[in-house]
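The block underneath contains the structure these notes are about, expressed in structure tokens.
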Amino acid sequence: TGSGQQSVTGVEASDDANSYWRIRGKSDSSCQRGTPVKCGQAIRLTHVNTGKNLHTHHFPSPLSNNQEVSAFGDDGEGDDLDFWIVQCSGTYWEREDAVRFKHVGTEVFLSITGEQYSHPIRGQREVHGMPAANHHNYWKAMEGVFIKPSLDPAKHDEL
């Protein structure tokens, strides 16, 4: 059901290789690799293995009937529904901070609750958009590569 786009699911394991996302800036501007992400900044999250962007739109999610979250686009290029605002408490998103992601276009919060798929992705949880901020929409980076800004002024679209 839903849009037919690639599903985005959540798992308990923090070291799942299929759970890696690259943080990127807006497509109409360049940024230097390793630049800190500011609280309130619009970003794109691109799935490392598929090159698709975290995306949402006005389709109901299949299990909870919240707003569907999917993976969309090719090689990191999608559309205006791929942008999320980082909500955090300080000036910058710090490595250990729990943050929220609010969708720019539809204003839902990236969320995960207890709904689990049975077949064919048994045990994986539905990721969806919810209209209100609550305890289901805090996210924390558990592992990854954190890049310091380079001395080379070459511009990239990753943060």
Side-chain angles (χ1 to χ4, degrees), residues 1-27 29 31 35-73 76 78-146 158-159:
T1 64
S3 68
Q5 294 177 359
Q6 181 179 327
S7 296
V8 174
T9 62
V11 295
E12 292 284 333
S14 64
D15 61 349
D16 175 42
N18 204 35
S19 296
Y20 295 140
W21 296 82
R22 185 175 62 200
I23 301 167
R24 302 174 64 215
K26 292 184 75 171
S27 56
S29 63
C31 58
T35 301
V37 176
K38 293 179 181 176
C39 297
Q41 180 177 343
I43 63 167
R44 290 177 292 167
L45 293 160
T46 302
H47 190 250
V48 171
N49 288 345
T50 66
K52 295 184 181 300
N53 293 328
L54 191 68
H55 179 92
T56 191
H57 43 216
H58 293 290
F59 279 87
S61 59
L63 300 180
S64 67
N65 207 33
N66 284 299
Q67 188 167 298
E68 179 185 81
V69 170
S70 62
F72 175 77
D79 64 19
D80 289 344
L81 294 175
D82 298 340
F83 297 107
W84 300 82
I85 300 291
V86 177
Q87 292 190 338
C88 45
S89 57
T91 304
Y92 296 103
W93 177 5
E94 299 290 336
R95 182 185 302 192
E96 300 299 321
D97 288 350
V99 300
R100 285 190 172 107
F101 300 105
K102 186 173 184 178
H103 191 252
V104 172
T106 65
E107 299 187 349
V108 296
F109 291 89
L110 184 66
S111 304
I112 190 167
T113 51
E115 296 84 9
Q116 291 188 13
Y117 290 96
S118 56
H119 182 73
I121 47 179
R122 179 176 300 285
Q124 294 189 25
R125 294 183 182 196
E126 178 186 80
V127 175
H128 50 258
M130 296 180 80
N134 61 47
H135 67 280
H136 295 296
N137 36 58
Y138 278 111
W139 297 89
K140 187 174 181 182
M142 298 304 291
E143 67 176 29
V145 178
F146 301 90
E158 300 106 1
L159 297 177

Report yes if some heavy atom in the side chain of [X] is under 4.5 Å from a heavy atom in the side chain of [Y]; otherwise report no.
X	Y	result
Asn18	His47	yes
Trp139	Leu110	yes
Lys52	Phe72	no
Trp21	Val8	yes
Val86	Phe101	yes

Where do [X] and [Y] come nearest, in terms of heavy atoms and distance?
X	Y	answer
Gln41	Pro36	OE1-O, 4.1 Å
Gly90	Cys39	O-SG, 3.0 Å
Phe109	Asn137	CB-ND2, 3.4 Å
Trp93	Ile43	CZ3-CD1, 4.5 Å
Gly10	Val127	N-CG2, 3.7 Å
Val104	Trp84	CG2-N, 4.1 Å

> Out of His128, Glu68, Gln67, which residue meets the side chain to side chain donor-acceptor pair (under 3.5 Å) rule with Thr56?
Replying inline: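 When His128, Glu68, Gln67 are each tested with Thr56, the side chain to side chain donor-acceptor pair (under 3.5 Å) holds only for Gln67.
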Roughly how far, to the nearest 0.5 Å, is [atom2] of [Y] from [atom1] of [X]?
X	Y	atom1	atom2	value
Met142	Glu96	CE	CD	8.5 Å
His55	Thr46	NE2	OG1	13.0 Å
Glu115	Leu63	CD	CG	6.5 Å

Is there a donor-acceptor contact under 3.5 Å from the side chain of [X] to the main chain of [Y]?
X	Y	result
Asn134	His136	yes
Glu126	Gln116	no
Arg44	Ile23	no

>> With no hydrogens and no angle check, just 3.5 Å: does a side-chain donor-acceptor pair link Asn66 and Ser61?
In response: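 Looking only at side-chain atoms, Ser61 and Asn66 do not form any donor-acceptor pair under 3.5 Å.
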>> Regarding Ser70 and Gln6, do their side chains bring together a donor and an acceptor under 3.5 Å, going by distance alone?
In response: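 Note: Ser70 and Gln6 side chains miss the donor-acceptor criterion.
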> Is Arg125 close enough and on-axis enough to Tyr117, meaning under 6.0 Å and within 45°, for cation-pi?
Replying inline: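 No, Arg125 does not sit over the ring of Tyr117.
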> Can Asn53 and Phe83 be said to form a side-chain contact (heavy atoms from CB on, under 4.5 Å), step by step?
Replying inline: CA-CA 9 Å; Asn53 293 328; Phe83 297 107; over 6 Å; no
> Hey, which of Val69, Thr106, Leu81 is the one that makes side-chain contact (heavy atoms from CB on, under 4.5 Å) with His57?
Replying inline: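 Answer after filtering Val69, Thr106, Leu81: Leu81.
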>> Working note: Val108 + His103, criterion side-chain contact (heavy atoms from CB on, under 4.5 Å); need CA distance, chi angles, decisive distance, verdict.
In response: CA-CA 5 Å; Val108 296; His103 191 252; 4.1 Å; yes
